[in-house]
Amino acid sequence: MIDISLGLVRVTEAAAIAASAWIGRGDKESADKAATQAMRERLNQMDFSGKVVIGEGKKDNSFGLYGGEVLGKFAKTKNVPVYELAVDPIDGTRPTVTSGPEAMSVIAVGEQGSLFSTAEFYMNKLAYGPEIARKTELHLNEPLKQTIERVSKATGKAVSKIMVCILDRPRHEKAVAELRSIGVRIKLIQDCDISGAIACCLPQSGIDLLYGIGGAPEGVITACAMKCLRGALQVQVMTKECKIADPKIYSINDLVRGHCIFSATGITNGSLLRGVRFTSTGPVTYSVFMRSESGTIRWITAYHGNLMPPSESA
């Protein structure tokens, strides 16, 4: 892949800074518009051609970025490789405008023909980290009790020590009740299942699994992050009514073929990234950048408009 690494970090930084102006202001539409415009403008400044294959856009009545939209300085140049984009200018619009946790701006990029696309709204997801993936194979359509038993054996943890992350939604009431009957610990999150899945790959997070139905664009973006982290993800495409749209169980390699790169910048404070901070000399952002080809993970603190880093207590 061409060297667009730092450019992608700048894309998520720009979107996060724009969104951060709307933290706690209760206006989801304005926050989404600001982040989307900032992401689009920054992508159009990059020396590449990128096509959005999956994002919120029309499906979520947002301001884009829409499937099929082509961006970058070389967008109209013939015989130039067209990279595929999976985007979410704000993963967590609600926590952004309510000053909640975990909101971030995210983008994933793959080679032409590599990223999965669907017109459906949701995916049912099962994500887990590299340690479990090395020792056992889980199956999304297996009973949860059997899945937990496999995780317990792979990790050496007692069932009571296993932590499952799941979105706190009415559609998950049955799954939550079943998990509680099995005896695992549960981390209920309000939004942002991308960071929940990534946490499965970070031993210090204490999270072993992410399970449940979340957004389809987030599923493809998550697949890119999990491929970089050597974790595992299985999904099943669901309708907006949370009915099965496609019986096939898709793996990471179905969702992203070949190499990919992933960038995320925190908007509000979360377990993965700190949110945007404003100092007297400019904003400070916290990002993570990953490449599947090398398995490299970079944690990036950027001081925008600063001649020198401000004090961390600022």
Side-chain angles (χ1 to χ4, degrees), residues 91-92 95 100-102 104 122-215 218-219 221-236 238 242 244 249-255 262 264 269-273 288 290 295 297:
D91 180 34
E102 305 288 355
M104 57 186 188
Y122 287 126
M123 288 178 175
N124 193 22
K125 307 169 189 177
L126 176 65
Y128 48 101
E131 179 187 6
I132 297 172
R134 283 194 301 268
K135 295 179 180 179
T136 190
E137 184 177 355
L138 305 183
H139 303 279
L140 181 60
N141 54 2
E142 276 187 346
L144 278 172
K145 188 174 188 298
Q146 189 170 340
T147 296
I148 297 302
E149 288 171 353
R150 290 180 188 271
V151 172
S152 177
K153 184 176 180 180
T155 60
K157 289 183 178 181
V159 167
S160 61
K161 301 296 184 182
I162 293 169
M163 178 78 80
V164 180
C165 183
I166 188 168
L167 284 167
D168 189 6
R169 296 288 190 275
R171 61 180 178 263
H172 291 146
E173 288 177 358
K174 183 179 178 180
V176 168
E178 184 176 357
L179 288 166
R180 285 174 173 161
S181 71
I182 293 168
V184 301
R185 297 185 297 160
I186 300 173
K187 180 178 177 64
L188 291 170
I189 57 174
Q190 295 301 314
D191 296 275
C192 313
D193 63 350
I194 296 175
S195 58
I198 291 173
C200 297
C201 299
L202 306 176
Q204 66 272 24
S205 76
I207 295 173
D208 300 289
L209 295 175
L210 174 112
Y211 179 78
I213 298 172
E218 290 86 348
I221 295 169
T222 297
C224 291
M226 298 298 278
K227 191 165 193 173
C228 295
L229 291 162
R230 310 301 192 245
L233 174 72
Q234 297 175 26
V235 308
Q236 190 171 35
M238 312 290 284
C242 296
I244 295 173
I249 304 298
Y250 292 90
S251 70
I252 282 180
N253 289 328
D254 295 317
L255 299 174
F262 170 93
N269 286 337
S271 55
L272 180 66
L273 294 166
V288 60
M290 313 180 198
I297 305 169

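Nothing fancy with the numbering, it's 1 onward along the sequence.
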S.K.: Are C224 and K227 packed together at the side-chain level, in the sense that at least one heavy-atom pair is separated by less than 4.5 angstrom?
M.R.: no
S.K.: Could you go through D208 and K161, starting from their C-alpha distance and side-chain angles, then the distance that decides it, and tell me whether this counts as side chain to side chain contact (heavy atoms under 4.5 Å, CB included)?
M.R.: CA-CA 10 Å; D208 300 289; K161 301 296 184 182; over 6 Å; no
S.K.: Quick one: CG on L210 to CD1 on I189, what's the gap to the nearest 0.5 Å?
M.R.: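 CD1 of I189 is found 6.0 Å from CG of L210.
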S.K.: Can you find a pair of side-chain heavy atoms, one from V151 and one from V159, that are under 4.5 Å apart?
M.R.: no
S.K.: So, E149 and K153, do they make that salt bridge, N to O below 4.0 Å?
M.R.: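 K153 and E149: not salt-bridged.
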S.K.: Can you find a heavy atom in the side chain of R185 that is under 4.5 Å from one in the side chain of I162?
M.R.: no
S.K.: Do L140 and Q236 have side chains that approach each other closer than 4.5 Å (heavy atoms only, starting at C-beta)?
M.R.: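 Of all side-chain heavy-atom pairs linking Q236 with L140, at least one is under 4.5 Å.
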S.K.: Check for a donor-acceptor pair, side chain of H172 on one end and backbone N or O of I213 on the other, with a separation under 3.5 Å.
M.R.: yes
S.K.: Give the C-alpha distance, both sets of side-chain angles, the deciding distance and a yes or no for side chain to side chain contact (heavy atoms under 4.5 Å, CB included) between K125 and E218.
M.R.: CA-CA 10 Å; K125 307 169 189 177; E218 290 86 348; 3.8 Å; yes
S.K.: Tell me, please, which residues at least two apart from T136 pass side chain to side chain contact (heavy atoms under 4.5 Å, CB included).
M.R.: I132, L138, R150, A154
S.K.: CE/M226 to CD/Q234 distance, rounded to the nearest 0.5 angstrom?
M.R.: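 So the CE of M226 and the CD of Q234 are separated by 11.0 Å.
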S.K.: Tell me which one of K174, R169, E173 satisfies side chain to side chain contact (heavy atoms under 4.5 Å, CB included) with R171.
M.R.: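 Exactly one candidate clears the test, R169.
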S.K.: List for me each residue that meets side chain to side chain contact (heavy atoms under 4.5 Å, CB included) alongside P130, sequence neighbours excluded, and say none if there are none.
M.R.: R134, C201, R230
S.K.: Return the CZ to CD1 distance between F262 and I194, rounded to the nearest 0.5 Å.
M.R.: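 So the CZ of F262 and the CD1 of I194 are separated by 6.0 Å.
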S.K.: T155 and E131: side-chain donor and acceptor closer than 3.5 Å?
M.R.: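 T155 vs E131: no donor-acceptor pair found between side chains.
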S.K.: Atom OG in S160, atom CD1 in I182: separation rounded to 0.5 Å?
M.R.: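 Output value for this atom pair is 13.0 Å.
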S.K.: So, taking the atom named CG in L233 and the one named CE in M123, what distance separates them when rounded to the nearest 0.5 Å?
M.R.: 8.5 Å
S.K.: Which residues pass the side chain to side chain contact (heavy atoms under 4.5 Å, CB included) test with R180, not counting sequence neighbours?
M.R.: V176, I186, L188
S.K.: Would Y211 and C165 count as a side chain to side chain contact (heavy atoms under 4.5 Å, CB included) here? Give the steps.
M.R.: CA-CA 6 Å; Y211 179 78; C165 183; over 6 Å; no
S.K.: Using 0.5 Å steps for rounding, measure from the CD1 atom of I198 to the OG atom of S271.
M.R.: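 I198 atom CD1 to S271 atom OG measures 9.5 Å (nearest 0.5 Å).
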